[in-house]
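Notes follow once the structure below has been shown.
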Amino acid sequence: MQHWLLKTEPDTFSLADLEKRPGQTEPWNGVRNYQARNFLRAMQVGDQVLIYHSSCEVPGVAGVAEVVGAARADETQFDPKSEFFDPGAKRENPRWSLVDVRFVATFPKFVSLTDMRAQPALKGMRLLSPGNRLSVMPISPAEFRKIRALGGLK
DNA sequence: GCCAACGTTGGC
DNA sequence: GCCAACGTTGGC
């Protein structure tokens with residue numbers, strides 16, 4: 001089993017929104033970066049995911065979700081009305097993928113970016129490197145456990 | 001709103 | 001294939 005971190009802007013779609021979805025499940029669409037896409041394609045059902053809130057008052061990790069559907073074509077790439085439409089995407093060979101993600105838990109304590117920066121154990125995290133813009137990234141099991149513990153989950 | 005970092009685009 | 005220009009991300 002692998003661990004990942006997914007970024008989302010909570011004003012657009014938050015962990016609380018995921019919790020309210022039917023089946024508490026959502027297709028994680030709109031990823032339009034090749035490196036992030038390749039990580040999505042490497043995900044497997046059962047993988048654990050940290051949900052990170054970005055571009056908001058207090059950026060940080062809100063809680064945990066899990067992968068319930070492996071990578072498949074992101075239909076929004078073919079939809080001219082979608083903000084994620086990609087005129088270069090071909091049906092025969094879809095350019096962009098998504099995974100289906102299901103809500104697991106909201107942290108009793110929100111783990112802010114500042115909290116994480118204060119942890120020596122998290123020093124090496126890609127999320128914390130300056131100018132990091134990747135919206136999907138792998139997390140080591142130790143980092144995952146550490147952040148979950150900071151969030152107040154066992 | 002500013003600005004640094006980074007990915008993408010496009011001219012050559 | 002290089003690289004400058006440009007657009008976007010995202011913290012502050």
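Because only heavy atoms are used, hydrogens play no part in the values below, and waters and symmetry mates are left out as well, while side chains stay in. All values reported here derive from a predicted model rather than from experimental measurement. Protein chains get the first letters and strands the later ones, always in sequence-line order, with residue 1 at the start of each.
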**Q.** Pairs meeting criterion side chain to side chain donor-acceptor pair (under 3.5 Å) with involvement of residues 44-54 of chain A, two or more places apart
**A.** A:Trp4-A:Asp47
Q.
For the backbone of A:Met116 and the side chain of A:Gln119, can you confirm whether one donor and one acceptor N or O come within less than 3.5 Å of each other?
A. no
Q | Separation of C:dT9 P from A:Asp11 CG (nearest whole Å) | A | 14 Å
Donor-acceptor contacts, no H, no angles, side chain residues 22-31 of chain A, under 3.5 Å, sequence neighbours left out:
unit_1: A:Gln24; atom_1: NE2; unit_2: A:Glu19; atom_2: O; d: 3.1
unit_1: A:Thr25; atom_1: OG1; unit_2: A:Gly23; atom_2: O; d: 2.8
unit_1: A:Glu26; atom_1: OE1; unit_2: A:Arg21; atom_2: NE; d: 2.7

(Q) Show every ring pair (Phe, Tyr, Trp, His ring centres under 6.0 Å) that has at least one partner inside residues 76-95 of chain A, sequence neighbours left out. (A) none
(Q) Without decimals, in angstroms, what is the distance between A:Trp96 CH2 and B:dG7 C1'? (A) 11 Å
**Q.** ring pair (Phe, Tyr, Trp, His ring centres under 6.0 Å): pairs with one or both residues in residues 114-154 of chain A, sequence neighbours excluded
**A.** A:His3-A:Phe144
Q.
Can you list, by chain and residue number, the hydrophobic cluster partners of A:Trp96 when the side-chain cut-off is 4.5 Å?
A. A:Tyr34
Q) A:Phe84 CZ to C:dT8 P: how many Å, rounded? A) 13 Å
(Q) Please report the distance, rounded to the nearest Å, between CZ in A:Arg126 and C1' in C:dT9. (A) 15 Å
Are any protein N/O atoms closer than 3.5 Å to N/O atoms in nucleotides 10-12 of chain C? If there are, list each pair with its distance.
unit_1: C:dG10; atom_1: OP1; unit_2: A:Lys7; atom_2: NZ; d: 2.7
unit_1: C:dG10; atom_1: OP1; unit_2: A:Arg133; atom_2: O; d: 3.3
unit_1: C:dG11; atom_1: OP1; unit_2: A:Tyr52; atom_2: OH; d: 2.6
unit_1: C:dG11; atom_1: OP2; unit_2: A:Ser55; atom_2: N; d: 3.0

Q. CZ of A:Arg32 versus P of B:dT9: gap in Å, rounded?
A. 13 Å
